[in-house]
Chemist: 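Okay, here's the structure, questions in a sec.
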Amino acid sequence: VPARIDSSVAEQVVSMATQIASGLDYIGVMAVEFFISKGKLLINEIAPRPHNSGHYTLDATVTSQFEQQVRAVCGLPLGDTRLLSPVVMINLIGDLWQGNKPPPWEALLSHANAKLHLYGKREARPGRKMGHYNVLAPELEDALELATDIKTQLEPGQ
């Protein structure tokens with residue numbers, strides 16, 4: 001985040017998502033996931049709730065999607081959604097746990113701008129989302145590079 005798309009596509013995404021929410025008379029946080037295929041925007045998923053694709057907001061925006069949901073459903077003023085820093089979010093899947101032993105977290109926690117979020121699940125299973133981490137940096141490419149390096153270090157056998 002921010003998405004690496006041109007401004008006209010970004011405007012179209014916002015317009016389409018706004019039309020969906022307005023058409024449903026929706027109150028609260030709604031995630032609308034898009035794909036771009038052959039130059040066309042396609043809606044892949046609509047989630048009427050905070051969504052895992054927005055977990056980066058815990059660290060990188062003024063108001064997280066979770067706080068925003070509470071504000072919306074309680075009729076409170078909405079919070080500022082401004083991005084504070086470019087961020088890359090990486091999901092942590094149960095495949096990283098070998099013999100139910102967690103990955104080497106020091107590979108992640110040794111970086112001050114990497115933020116670990118575990119979901120408290122007792123058992124890791126292949127394909128099960130166990131948590132995520134966010135990497136913040138002044139430039140998106142720097143965050144992406146570090147997030148990728150950390151992911152490699154967390155993989156079994158590294």
Side-chain angles (χ1 to χ4, degrees), residues 1-73 78-97 103 107-108 111 113-119 121 124-158:
V1 177
R4 293 174 286 176
I5 56 176
D6 65 51
S7 60
S8 65
V9 174
E11 288 172 15
Q12 190 178 0
V13 163
V14 170
S15 175
M16 290 172 71
T18 301
Q19 288 175 26
I20 291 167
S22 295
L24 294 172
D25 197 26
Y26 190 75
I27 295 172
V29 171
M30 176 186 286
V32 182
E33 184 177 80
F34 291 89
F35 288 139
I36 300 175
S37 177
K38 299 178 184 173
K40 290 182 68 176
L41 271 176
L42 304 173
I43 295 172
N44 178 59
E45 177 184 7
I46 299 172
R49 57 180 165 68
H51 187 263
N52 64 358
S53 64
H55 286 355
Y56 71 89
T57 63
L58 288 165
D59 299 310
T61 61
V62 174
T63 305
S64 77
Q65 66 175 345
F66 300 101
E67 179 184 343
Q68 196 75 305
Q69 176 75 354
V70 171
R71 288 171 166 273
V73 299
L78 296 179
D80 184 351
T81 58
R82 183 171 25 102
L83 186 65
L84 298 172
S85 169
V87 60
V88 172
M89 183 187 83
I90 302 289
N91 290 325
L92 296 166
I93 306 302
D95 306 66
L96 293 173
W97 278 249
L108 187 151
H111 302 280
N113 57 330
K115 309 298 182 185
L116 176 63
H117 297 274
L118 296 174
Y119 303 157
K121 296 178 180 177
R125 294 190 303 267
R128 184 179 199 195
K129 188 171 176 198
M130 301 296 292
H132 73 276
Y133 64 93
N134 294 324
V135 176
L136 294 85
E139 299 296 326
L140 181 59
E141 292 306 318
D142 295 334
L144 183 57
E145 182 178 340
L146 180 55
T148 303
D149 289 346
I150 291 170
K151 183 178 180 187
T152 300
Q153 293 175 44
L154 293 177
E155 290 173 355
Q158 295 301 316

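This is a predicted model, so every value here is computed, not measured.
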Chemist: Applying side chain to side chain contact (heavy atoms under 4.5 Å, CB included) between L144 and each of D149, V88, I90, V135, report the one that passes.
Modeler: V88
Chemist: Please report the interatomic distance CD(E33) to CG(L42), rounded to the nearest 0.5 Å.
Modeler: 11.5 Å
Chemist: Taking Y26 for its side chain and P48 for its backbone only, find out whether a donor-acceptor pair lies under 3.5 Å.
Modeler: yes
Chemist: Taking only residues two or more places apart in sequence or in another chain, which ones pass ring-ring contact (aromatic ring centres under 6.0 Å, His included) with F66?
Modeler: H55
Chemist: Show, in sequence, the C-alpha distance, side-chain angles and deciding distance for Y133 and L154, and conclude whether the side-chain contact (heavy atoms from CB on, under 4.5 Å) test is met.
Modeler: CA-CA 11 Å; Y133 64 93; L154 293 177; 4.0 Å; yes
Chemist: Holding to ring-ring contact (aromatic ring centres under 6.0 Å, His included), I want the full list of residues that pass it with H111, two or more places apart in sequence or in another chain.
Modeler: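 Partners of H111 under the ring-ring contact (aromatic ring centres under 6.0 Å, His included) test: none.
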Chemist: Indicate the atoms forming the closest heavy-atom contact of P103 with L96, along with that distance.
Modeler: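 The answer is CG-CB, 3.7 Å.
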Chemist: In chain order, what residues pass the side-chain contact (heavy atoms from CB on, under 4.5 Å) check against Q69, with sequence neighbours excluded?
Modeler: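 With neighbours one apart ignored, the set is V29, P50, V73.
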Chemist: Output yes when a side-chain donor or acceptor of T63 lies under 3.5 Å from a complementary backbone atom of T81, and no otherwise.
Modeler: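 Looks like no, no N/O pair under 3.5 Å.
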Chemist: Does D95 use its side chain to pair, donor to acceptor, with the backbone of G127 at less than 3.5 Å?
Modeler: yes
Chemist: Go through the structure and list residues passing side chain to side chain donor-acceptor pair (under 3.5 Å) with T18, not counting sequence neighbours.
Modeler: none
Chemist: With sequence neighbours left out, what residues match A10 under side-chain contact (heavy atoms from CB on, under 4.5 Å)?
Modeler: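 By the side-chain contact (heavy atoms from CB on, under 4.5 Å) rule, A10 matches I5.
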Chemist: Among side-chain atoms of S15 and Q19, is any donor-acceptor pair under 3.5 angstrom?
Modeler: yes
Chemist: Hey, does M16 have a side-chain heavy atom less than 4.5 Å from the side chain of V32?
Modeler: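 When only atoms from C-beta onward are counted, M16 and V32 do not touch, as no gap falls below 4.5 Å.
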Chemist: Can you tell me how far the CG atom of L108 sits from the CG atom of L116, to the nearest 0.5 Å?
Modeler: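 Answer for the CG-CG pair, L108 versus L116, is 5.5 Å.
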Chemist: What are the two closest heavy atoms between P86 and A137, and how far apart are they?
Modeler: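 Heavy atoms only, the tightest pair is CD-O, 3.1 Å.
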Chemist: Considering only heavy atoms from C-beta outward, does the side chain of T57 approach that of Q68 to under 4.5 Å?
Modeler: no
Chemist: What is the distance from atom NZ of K115 to atom CG of L136, rounded to the nearest 0.5 Å?
Modeler: 7.0 Å
Chemist: Nearest 0.5 angstrom please: I93 CD1 to K129 NZ, how far?
Modeler: 7.0 Å
Chemist: Checking Q12 now: which residues fulfil side chain to side chain donor-acceptor pair (under 3.5 Å) with it, not counting sequence neighbours?
Modeler: none
Chemist: If you round to the nearest 0.5 Å, how far is CZ of R71 from CG of L78?
Modeler: 7.5 Å
Chemist: How many angstroms lie between NZ in K151 and CG in N91, if you round to the nearest 0.5 Å?
Modeler: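 Spacing of NZ (K151) from CG (N91) equals 9.0 Å.
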Chemist: Report the C-alpha distance between H132 and N52 in whole Å, list the side-chain angles of each, state the deciding distance to 0.1 Å, and finish with yes or no for side-chain contact (heavy atoms from CB on, under 4.5 Å).
Modeler: CA-CA 9 Å; H132 73 276; N52 64 358; over 6 Å; no
Chemist: Answer yes or no: is there a donor N or O on one side and an acceptor on the other, between the side chain of Y56 and the main chain of T61, under 3.5 Å?
Modeler: no
Chemist: Testing the basics here: between I150 and A114, what is the closest heavy-atom pair and its distance to 0.1 Å?
Modeler: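 Result for this residue pair: CD1-CB, 4.0 Å.
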Chemist: Do R4 and L140 have side chains that approach each other closer than 4.5 Å (heavy atoms only, starting at C-beta)?
Modeler: yes
Chemist: If we check side chain to side chain contact (heavy atoms under 4.5 Å, CB included) with F35, which of these qualifies: I43, N44, L41?
Modeler: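 Looking at I43, N44, L41, the match for F35 under the side chain to side chain contact (heavy atoms under 4.5 Å, CB included) is N44.
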Chemist: Taking atom types as modelled, find out whether H51 and E45 have a side-chain donor-acceptor pair closer than 3.5 angstrom.
Modeler: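 Result is yes, a qualifying pair exists.
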Chemist: Are R125 and W97 packed together at the side-chain level, in the sense that at least one heavy-atom pair is separated by less than 4.5 angstrom?
Modeler: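 Result no, sub-4.5 Å side-chain heavy-atom pair not found.
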